[in-house]
Amino acid sequence: MTLIDYLSAALLIAGAIFFLAGTLGLLRFPDVYTRLHALTKADNVGLGLIMAGLSFQAESWAVAGKLLLIWLLVLLAGASVAHLVARGALKRGIRIWKR
Amino acid sequence: MEALTLLEWGFDGLLGLGLLWLAWRALTCPELFKAIVLFIAFGLLMALAWVRLDAPDVALAEAAIGAGLTGALLLAAFAKLSLVTGHEELKPARSEKNRIRFQHYWMPATTLLLVTAGLFYVILSLPPYAAGLSVEVASNLDTSGVSNPVTAVLLNFRGYDTLLEMVVLLLALLGVWSLGDTTIHREAAPGLVLDTLARVLVPLLILVAAYLLWVGAHAPGGAFQAGAVLGAAGVLLLLSSWRPHADLIAWPLRLMLVLGPAIFVIMAVLLYLTKGQLLEFPPAQAGILILILEAVATVSIGITLAALFLGGRPRRGKGQA
Amino acid sequence: MSAPFFYALVGIGLFSLGLYGLIVHAHLLRKILALNIMGSGIFLVLVALAKRTGEAPPDAVPHAMVITGVVVAVSATALALTLMLKLTAETGRAELPEKGRE
Amino acid sequence: METVVTEFSWGIALILLPLAGGMICFLWPRRTQILGLVTVFAVALSVGGLAWQMLDKGVYRHAVGGWGAPLGIDLYADGLSLLMLATTALVGFAISVYSAAYFKQEDAIRFWPLWLFLLAALNALFLSGDIFNVYVTFELMGLAAVSLVALAGGRDALGGAMRYLLAALLGSLAYLLGVALLYHGFGTVDIALLSERVEPSPVVWAALGLMGAGLLLKTAVFPLHFWLPPAHASAPAPVSALLSALVVKASFYILLRLWLEVFEPLISSEGVYTLLGLIGAMAVLWGSIQALRQTRLKLLIAYSTVAQIGYLFLAFPLAVAVGSTAWSAVAYLAISHALAKAAMFLAAGNLVRFGGHDRIADLDRVVQRLPLTAAAFALAGVSIMGLPPSGGFIGKWLMLEVALTQGRWDLVVVMLLGGLLAAAYVFKVLGYAFTQAEVAHEPKTVPASMEWAALLLALAAVLMGFLAVPVLSLVDIGDPFGLSEVRP
């Protein structure tokens, strides 16, 4: 394994940890808003790290570009959908959790 | 190497059991909404399984159509169902009746277990290696006009199936339309975010569809995947309260819907008249002819899928006449 | 047992699960889900066993069949869902009407 | 001109014409009726062309895409396919004429595209030589048929359509799993190649079980008939006629085809034959008794279909003996039933149009008011009962003869009982049609074309009683029943 491989492995593992944490949050957090918080973190940062890790292994700049594009799209969709879900929940009158 | 196979087995086992578990939960969890969400998740795992099985074309089709559009259709139907029945469907309590039922069905359950065991035996009795038609596909790929074997089978070797399949899609829409109309009118603005998302994503989705269509000749992709992406763009537009202009919903819409199967029929006849067999592509021109066929089909598929999502036959609203 | 066979068995399992769901559930939306799961199971059998080519690329013919099947399935699902909504609007219940009632 | 008729590949016209016609009808709703009629007429002419060609050259085969099996899909027609295609064209044409008067413009624009796609699906199915392609045509047929049932609207029709759709989809899926197993077992989905390659193995048995179960469900054989009566009874009259006459025959045709080509040579155990014969016998008795118990005319006719399908399955145990004519009897019964049952449903449609209901007890002297319709019902009844001279008589006689020579007295008794019960339910209807009912209602007029369409179909069913020799020789093209080795 080269230095590049170690670097991408580290990034991939870090990304996986973010996903794991996000999933845990999704399962354990008390209401829809906090769960969204956990989920979007995992999606955005976790996927970003994984994409970064994978781009080190990419054969060409075009592939790396595609990976970047995928990440940007997920960012856009994730943020919008999280907003829509939260707005829908508010409209339905679901209260925000307080300790 | 040893560790790798162990890892692969772990992955396969998790994926397989995950599929079964999700299917089971989608069928048994008491809340219908959850069941639909679980089914969509099931579709996404299926896409992963297709990738694992070296079937990227199927994976794309599954993710776009099997999970994506079917999911959108199910969710839309669920929402309408809640309207029709007055939210009764949201939480059907798991009543005593349900539990009695479960005991009531021990006989089909046992029979099914036996059938499953029998089918397991049948599957395991198959030879471990079989080429199927892969040799024939590979040796005729050169004259098919494309280099992606799946596209070659879909559009050339078994193009007749695909012709009929295009008609099935159109027919489903005719069936849906014959059940009723929906009035077309612009609803209240859905909010800035969805609007912006649609504005950004729709052009991008169209671009992706064109890319998938083009790349389908030599890599995973093709008319159905591209059409599904186009359909998704349509669904997004419909969700953000965009409605086709009143003048477009009469014959222009019908023409676009028919164009996909129609181009197949027209090409089938032309190729019969020139080559002597139905849908027989001349090897030299096969590539360009298939591309034309796929391009028209993609647009038609996209519009048909979006129309299926909308539901009934669109009609002009009274305020717009 | 190799991966193709494992996935084919999972496919059979999905087919049976779906069939069971189709029989026991009265709610039509659930029946439609069950039919889709059965279909996915069959598609899995088709594609998984196509990979029995050893090192060579898998057989493409079942792949094309499954793409056809996926499109057919979404068409049937769309029609079934619309029919279900119409029936529910007519009877107030998303279930098949009892037989024998006039 | 001569060369066009002999050289043109008529089979593809049978598929592409109705497809194109359906699309044009959809695009041009204002002219939908005339376009539809022209298309159906053109299809009927093409069947004539195909028959002409096949009488001269024997079986029809067309390699779509020029590849040929196993890579491509082959269209294939022998005498049996030709017979089904011709019946479809004839019945379809009569029903089309009927439908032109039956549907109002707003319903016509929905009916015609669906019906033409259904016609395309039927023709494609009868011409298909590829089991996966058959799956696609099944779905095409099923979605079209279900949408047509739902055209009637209302609780009964929608419920019937939904039940029908679920049954059709389940049947298709069971069939498709069988296709998947056969493909992975023998590397082809072409029927002719399969019949060369299959050998006794678990795969074949599983495929037989799955495809058999799926096709039996689609054919509505007792006890898998539960979906048929509600769907066929609640559909608009021409649709009921199409479904009972043609659509259930399509899945039976595939069952028969697969049985003859793929499965039969491998099956040595008596069990399968006995089982099929047994469900046939049960279907004959159960369907007839249920038909007799109905108070609604269309339900009575629908249950009669359940019973008549049963007869087709009685042939399986009889055909074990080499050289038996049981299959010819089946083919004859299938087409006679198609003609007679279509006539019956169309006649029922006339009665519903006339009286506004289909309660048998209130039929109110329709003999005087609608003599042609009453005659149509009676003549169709003659064929259903199996009285001479009619197509039904020839079919049942041929089968009875085989049963007698083989000493299968149990089957003889079932056939005779079925005939008696059929007579009972037909006369039950006719009896009420002669008496005056007490319910007063304002009768509506029935267009002449609707009466004549029903009568001509019924006459055709009777006429089949005189055409046994030419029809049976037509069926022998390509030797679909494998009888050539025993004939000198």
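Within every chain, numbering begins at 1; the chains are lettered A, B, ... in the order of the sequence lines, protein sequences first and strands thereafter. These values consider heavy atoms only, across backbone and side chains, with no hydrogens, waters or symmetry-generated copies.
Across D/Gly72, D/Gly187, D/Ala120, D/Gly66, the residue that shares the most heavy-atom pairs under 4.5 angstrom with chain B is D/Gly66. For the options D/Gly185, D/Gly153, D/Ala63, heavy-atom pairs under 4.5 Å to chain B are most numerous at D/Ala63. Of the listed residues B/Val115, B/Leu279, B/Leu133, the one with more heavy-atom pairs under 4.5 angstrom with chain D than any other is B/Leu133. With chain B as partner, the option from D/Ile24, D/Ile109, D/Val136 having the largest number of non-hydrogen pairs under 4.5 angstrom is D/Val136. Contact tally against chain D (heavy-atom pairs below 4.5 Å) for B/Pro261, B/Gly159, B/Ala130: the top residue is B/Pro261.
Here the shortest heavy-atom pairing between D/Leu158 and B/Leu179 reads CD2-CD2, 3.8 Å. Here the closest heavy-atom approach between residue D/Ala144 and residue B/Leu171 is recorded as N-CD2, 3.5 Å. When all heavy atoms are compared, the tightest approach of D/Leu114 to B/Gly175 is CD2-N, 4.3 Å. In terms of heavy atoms, D/Ala206 sits closest to B/Val122 at CB-CG2, 3.6 Å.
Taken to the nearest 0.5 Å, the CG atom of B/Leu164 stands 6.0 Å off from the CG atom of D/Leu140.
Only the side chain of B/Leu257 comes within contact range of chain D, with at least one heavy atom under 4.5 Å from a heavy atom of that chain. The contact between B/Leu119 and chain D is made entirely by side chain atoms (from C-beta outward), counting heavy-atom distances below 4.5 Å. For chain B, the nearby part of D/Leu19 is the side chain; its heavy atoms alone come within less than 4.5 Å. The contact between D/Leu71 and chain B is made by backbone and side chain atoms together, counting heavy-atom distances below 4.5 Å. Using a 4.5 Å cut-off between heavy atoms, D/Phe26 contacts chain B through both its backbone and its side chain. Both the backbone and the side chain of D/Ala124 come within less than 4.5 Å of a heavy atom in chain B. B/Pro127 does not touch chain D: none of its heavy atoms, backbone or side chain, sits under 4.5 Å away. If you measure heavy-atom distances from B/Val153 to chain D, you find no contacts under 4.5 Å at all. Heavy-atom distances place the side chain of D/Leu75, and not its backbone, under 4.5 Å from chain B. Looking at D/Val189, only its side chain comes within 4.5 Å of chain B, counting heavy atoms on both sides. Residue B/Leu271: no heavy atom, backbone or side chain, is found under 4.5 Å from chain D. Residue contact with chain D, scored on non-hydrogen atoms closer than 4.5 Å, involves the side chain of B/Leu126 exclusively.
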Interchain donor-acceptor contacts below 3.5 Å (chain B, chain D):
residue, atom, partner, partner atom, Å
B/Leu133, N, D/Tyr183, OH, 3.2
B/Asn156, OD1, D/Trp67, NE1, 2.9
B/Arg158, NH1, D/Asp130, OD2, 3.1
B/Arg158, NH2, D/Asp130, OD1, 2.8
B/Arg158, NH2, D/Asp130, OD2, 3.4
B/Asp161, OD1, D/Asn133, ND2, 2.7
B/Ser178, O, D/Arg110, NH1, 2.3
B/Arg254, NE, D/Phe26, O, 2.9
B/Arg254, NH2, D/Leu27, O, 3.2
B/Tyr272, OH, D/Ser9, N, 2.9
B/Gln277, OE1, D/His62, NE2, 3.3
B/Gln277, OE1, D/Ala63, N, 3.3
B/Leu278, N, D/His62, NE2, 2.9
B/Leu278, O, D/Gly65, N, 2.5

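Among residues two or more places apart in sequence or in another chain, the side chain to side chain donor-acceptor pair (under 3.5 Å) test is passed with B/Glu294 by none.
Counting heavy atoms from C-beta outward, B/Leu163 and D/Ile15 have side chains that stay 4.5 Å or more apart.
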**Message:** Applying side chain to side chain contact (heavy atoms under 4.5 Å, CB included) to D/Leu143 and B/Leu174, what does each step give before you reach the verdict?
**Reply:** CA-CA 10 Å; D/Leu143 296 191; B/Leu174 287 187; over 6 Å; no
